[in-house]
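For reference, the structure is listed below as structure tokens.
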Amino acid sequence: MRNKILAANWKMNLTASEAHDWLVEFNEIDSDKSNIEFRLYAPNIFLSDLAKSQSMHIGAQNVHPSDSGAFTGEVSILQLVSVGTQSVLIGHSERRSYFHESDAFLKEKVDACVKHKLPFIFCCGESLEIREKDEHLSFISAQLSAAILHLNTSDLSLLTIAYEPIWAIGTGQTADTDQINEVHAFIRKVLRESFSEDGVNVSILYGGSVNASNAKSIFACPDVDGGLIGGASLNASNFLELASSF
Ligand code: PGA
């Protein structure tokens, strides 16, 4: 059985008091939260406070693969875990493009998560240019091969995948359900070929301009197990509202 996951990716948004108020509001909203795994990927400086409330799965948006050392401005898995962080995002397209994170560096992060048994969401997805050349499936296949297909099946319980077409992130332009179905079914096939039936249990999330008006059709796609939500996660009630679209 694959978990249904709704993950908020706040990116570099909200202040400390706004982050606190978000969690209070999320917890106060009276709705059935039992069928979906809600996760919150917050800026590092808020993780400790948010995790203290123990009311929700709290994750980090990035991590450095080394356990410690001279990496000014970076944060290690040991440090994240020491303040209650329960998982991390790896390979978000904004990290890949703005901070030039290579496939090889992302593989190091994946291996560090495996070493420390820290769950992670591995993000993949193509640019508009690649899609227009109809090379999106081979591009995604290469992203998966470079960083996760070497895993042992015993480590797959740590892995969630998020398919996020770059052209749909923060643009208001969502992939249509044919495009989403095609890529999610393709990723599922790659996982099955690499890990046999164990690969089929990996949850695959969709991300890219998901909101209350398109969530129902996206979450109805057979290989979509949830969403990684940016803009629509900045308000707790908007985010929670998406859960009713499953
Ligand atoms: P968006 O961001 O929902 O604002 O498009 C999604 C993401 O980048 O994870």
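All values below were derived from every heavy atom in this structure, side-chain atoms included, with hydrogens, water molecules and symmetry-related copies excluded. Counting starts at 1 for both ligands and their atoms, following the listed order.
Applying the side-chain hydrogen bond (donor to acceptor under 3.5 Å, both in side chains) test to Asn181 and every residue at least two apart in sequence or in another chain returns nothing.
Taking the six-membered ring where the residue is Trp, the centroids of Tyr206 and Phe219 are separated by 6.0 Å or more.
Under the 4.0 Å criterion applied to side-chain N and carboxylate O atoms, Lys4 and Glu37 are not assigned as salt-bridge partners.
Remark: the backbone N or O of Ser233 is paired with a side-chain donor or acceptor of Trp22 at under 3.5 angstrom.
Only one option out of Ile166, Val183, Leu137 pairs with Arg131 in a side-chain contact (heavy atoms from CB on, under 4.5 Å); it is Val183.
Atom CD of Glu193 sits in a crowded spot, with more than 12 heavy atoms from other residues, nucleotides or ligands closer than 6.0 Å.
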Quick check for students: name every N or O atom pair between ligand 1 and the protein closer than 3.5 Å, with distances.
| residue | atom | partner | partner atom | Å |
| --- | --- | --- | --- | --- |
| ligand 1 | 2 (O) | Lys11 | NZ | 3.3 |
| ligand 1 | 3 (O) | Ser209 | N | 3.4 |
| ligand 1 | 3 (O) | Gly230 | N | 2.9 |
| ligand 1 | 4 (O) | Gly231 | N | 2.8 |
| ligand 1 | 5 (O) | Gly170 | N | 2.6 |
| ligand 1 | 5 (O) | Ser209 | N | 2.7 |
| ligand 1 | 8 (O) | Lys11 | NZ | 2.7 |
| ligand 1 | 8 (O) | His92 | NE2 | 2.7 |
| ligand 1 | 9 (O) | Asn9 | ND2 | 3.4 |
| ligand 1 | 9 (O) | His92 | NE2 | 3.3 |
| ligand 1 | 9 (O) | Glu164 | OE1 | 3.4 |
| ligand 1 | 9 (O) | Glu164 | OE2 | 2.7 |

